[in-house]
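Take a look at the structure below.
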Amino acid sequence: MMKALVSALLSLACAAAFAQAPAASPPQRLRGSVESFDGSTLVVKERSGEVIRLVLADNFSVSEVLPIALSSIETGSFIGTAAMTDAQGNLRALEVLLFPEAARGTAEGHGPWDLQPGSTMTNATVAEVVVGASGRTLKLRYKDGEKTVVVPEGIPVVTLRPGDRSLIVPGAKVLVTAQTRDGKPTALRAAVGRDGFTPPM
């Protein structure tokens, strides 16, 4: 009974400090900027304004997020796109991530996303690209279905490449995947923009 009570209290403390559910819950995404990094502790100011201290997982990894042209998205590309449903029921992209070929198939499917309230994420293969006057329309196919997403001009389009910890400097914009482990907020991986570029995912 006492062990269960201690565990519950630890979970509540971590939730308050880290704004996430207990350790058994799925990883959470933190979007913000680096306050400091000493090689073992990463301090992030989250977009909510909360400052969060994280230890690093043993397999902590870093990816660099790079802007690319919308024209880089072609038939056969494997992408992830966060989107919102507009008044006409169409999915309109908030951003598009072109996965490197080695990451093809990552989290394939369609579901809710936390970029904005009500946003979704579709990770899928581009089956068709229709170029319009003000953007592109992508027909996306994944193992359980398909979606059509409108990508207006000016929407951030990015890709990833392997990075290293030298990218994690004060002021760098980051998307950190994190989880409470052994009662500690723990960074699993970080996607980092260079020279102030903000990962749009």
Side-chain angles (χ1 to χ4, degrees), residues 20-21 24-32 46-47 57 59-163 167 173-179 187-194 197-201:
Q20 85 153 44
S25 66
Q28 303 293 304
R29 287 171 289 274
L30 306 175
R31 298 173 176 88
E46 219 267 339
R47 61 182 178 178
N59 60 346
F60 174 74
S61 62
V62 179
S63 297
E64 183 178 355
V65 183
L66 305 166
I68 58 174
L70 177 55
S71 59
S72 300
I73 308 300
E74 303 173 335
T75 300
S77 297
F78 187 82
I79 69 164
T81 178
M84 295 289 292
T85 302
D86 65 18
Q88 289 72 46
N90 302 310
L91 285 174
R92 297 184 68 84
L94 300 170
E95 58 81 38
V96 181
L97 166 65
L98 173 62
F99 282 99
E101 190 59 31
R104 179 176 290 273
T106 299
E108 185 176 4
H110 174 82
W113 192 244
D114 58 358
L115 183 59
Q116 293 184 17
S119 63
T120 62
M121 175 61 73
T122 307
N123 286 6
T125 299
V126 178
E128 183 180 354
V129 179
V130 178
V131 179
S134 58
R136 300 184 180 215
T137 299
L138 308 179
K139 179 177 281 188
L140 306 178
R141 289 194 180 133
Y142 50 94
K143 57 187 175 183
D144 298 320
E146 63 179 39
K147 297 290 181 185
T148 298
V149 179
V150 177
V151 185
E153 289 288 351
I155 290 299
V157 181
V158 298
T159 192
L160 301 172
R161 69 182 177 193
L167 290 168
K173 307 301 183 183
V174 292
L175 168 59
V176 178
T177 302
Q179 185 178 47
L188 309 181
R189 55 188 175 273
V192 188
R194 189 185 294 271
F197 181 75
T198 301
M201 304 88 73

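We use all heavy atoms of the structure for the numbers below, so side chains are in, but hydrogens, waters and symmetry mates are not.
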When rounded to the nearest 0.5 angstrom, what is the spacing between CE in Met121 and CH2 in Trp113?
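One finds 4.5 Å between CE of Met121 and CH2 of Trp113.
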
As an exercise, state the distance from CE of Met84 to CG of Asn90, rounded to the nearest 0.5 Å.
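The CG atom of Asn90 is 13.5 Å from CE of Met84, to the nearest 0.5 Å.
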
Any side-chain heavy atom of [X] sitting closer than 4.5 Å to one from [Y]?
{"X": "Arg47", "Y": "Lys173", "answer": "no"}
{"X": "Met201", "Y": "Pro156", "answer": "no"}
{"X": "Phe99", "Y": "Asn123", "answer": "yes"}
{"X": "Ser63", "Y": "Arg189", "answer": "no"}
{"X": "Val158", "Y": "Pro199", "answer": "no"}
{"X": "Val126", "Y": "Glu74", "answer": "no"}
{"X": "Arg136", "Y": "Val131", "answer": "yes"}

Apply side-chain contact (heavy atoms from CB on, under 4.5 Å) to Ile68 and list each qualifying residue two or more places apart in sequence or on a separate chain.
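Residues passing side-chain contact (heavy atoms from CB on, under 4.5 Å) with Ile68: Ser72, Leu98, Val157, Thr159.
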
Would you mind telling me which of Leu115, Thr198, Val174 makes a side chain to side chain contact (heavy atoms under 4.5 Å, CB included) with Arg31?
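Exactly one option meets the side chain to side chain contact (heavy atoms under 4.5 Å, CB included) with Arg31, and it is Leu115.
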
Name all residues meeting the salt bridge (Lys or Arg N to Asp or Glu O under 4.0 Å) criterion together with Arg141; count only those two or more places apart in sequence or in a different chain, and write none if there are none.
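Expected list: Glu146.
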
